[in-house]
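A, B, ... follow the sequence lines: proteins, then strands. Residue 1 opens every chain. Excluded from the calculations below are hydrogen atoms, water molecules and symmetry mates; all remaining heavy atoms, backbone and side chain alike, are included. Worth saying up front: this structure is predicted, and the values here are computed from it rather than measured.
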Protein chains: 2
Amino acid sequence: MNSRLFTFIGGDIGPWRVIKTVAIQGESLPPTNRVEIIAGPVDPAGLSAAWILRGITSNERYVTRDEKDRLVARQQALGRPEATCAALIPIRKNSDWWALTQDERRNIFEEQSKHIKIGLEYLPAVGRRLHHCRDLAPDEPFDFITLFDYAPAQEADFDNLLAELRACEEWKYVEREVELRLSREEV
Amino acid sequence: MNSRLFTFIGGDIGPWRVIKTVAIQGESLPPTNRVEIIAGPVDPAGLSAAWILRGITSNERYVTRDEKDRLVARQQALGRPEATCAALIPIRKNSDWWALTQDERRNIFEEQSKHIKIGLEYLPAVGRRLHHCRDLAPDEPFDFITLFDYAPAQEADFDNLLAELRACEEWKYVEREVELRLSREEV
């Protein structure tokens, strides 16, 4: 069975070497050498990890059919052989965001911030998987975890994608954001 | 701290006596005498229960600001002294529903099914709290649990509310629904 739940483990094992761990907004995560990503839950007992995060893939919350069709036509699954660079970006939005109604959130997300339009410009070079955390439990440290991957030659483009998103109206509601850059190095 | 997570325990204890347990669509739940509702998580070890369900309150997924303002002006919190009748209704929607985009789901939910408009007609007589389950874990048995309460004199109105909702387009996507009617009898 394909699990919708993924576990992200920061420690000393796993195929992803951590290039940097940066607090973009709010509190950082403890820096680690490696990240392991597991499809499914993990029993934390006996694990030596600096941090463990988890998220679940779910139905999309904002895209329209027209946008979805354009995304599906261009987007790539994670794990292409050339995609040896990755970014793991956990984010928490503030309570003002979550108090907005669906039409207000959609308006900020796309009509003001062009989140989908910006993302489309970077497809198919950047692979992406969004994991939701907010409704896993009432005390999750983040609302979302996004995992991106791309080839080394696309790094400058990926930097531009992040800069564009962080400059938009939607990001004014982000109260915590940590950026990990990863490099795939099987050991 | 107010927990967004609630645990629903079907067994022999708790203030809610079970009047009936009915499978409306798909598999039922084992019938029990009592239901207990806990704000927060529960350790199932040592609990003698026929079933344990859980759900988490979350941001609204469909209402617009205008609809929200009308709901807030009329809706009541659960637990009014006269509201000694309750209904606990867990629901699971099918994969077709979850594959729809946001605009398609909203269109079915309100423009076709009038879910919010119908609900508004029964306020403030019926109290309601919606709990989300689908993103708690990949293997939850239901997507939503709704808890309603009302005074005994409102029972026929409440029956009408359920009949109206079950006749609408949105309900064609419901693949499992169990209805428990409860009566508050402190012991």
A/R166 and A/E179 ion-paired at < 4.0 Å: yes

Do you know which of [options] has the most heavy-atom pairs under 4.5 Å to chain A?
options                      : answer
B/R134, B/R61, B/R106, B/R65 : B/R65
B/D66, B/D103, B/V63         : B/D103
B/T57, B/D135, B/N59         : B/D135

Mutual orientation of the aromatic rings belonging to A/Y62 and A/W97 [parallel < 30°, tilted 30-60°, perpendicular > 60°]: perpendicular

B/F8/B/H131 aromatic ring centres below 6.0 Å: yes

Most chain B-contacting option - heavy-atom pairs closer than 4.5 Å, from A/E67, A/E60, A/E104: A/E104

Most contacts with chain B, counted as non-hydrogen pairs under 4.5 angstrom, among A/R105, A/K68, A/H132, A/R54: A/R105

Atom group of A/I56 that falls short of 4.5 Å from chain B, counting heavy atoms: side chain

A/W171 and A/E177 side chains, donor-acceptor separation under 3.5 Å: yes

A/F6 six-ring face occupied by A/R129 cation (under 6.0 Å, within 45°): yes

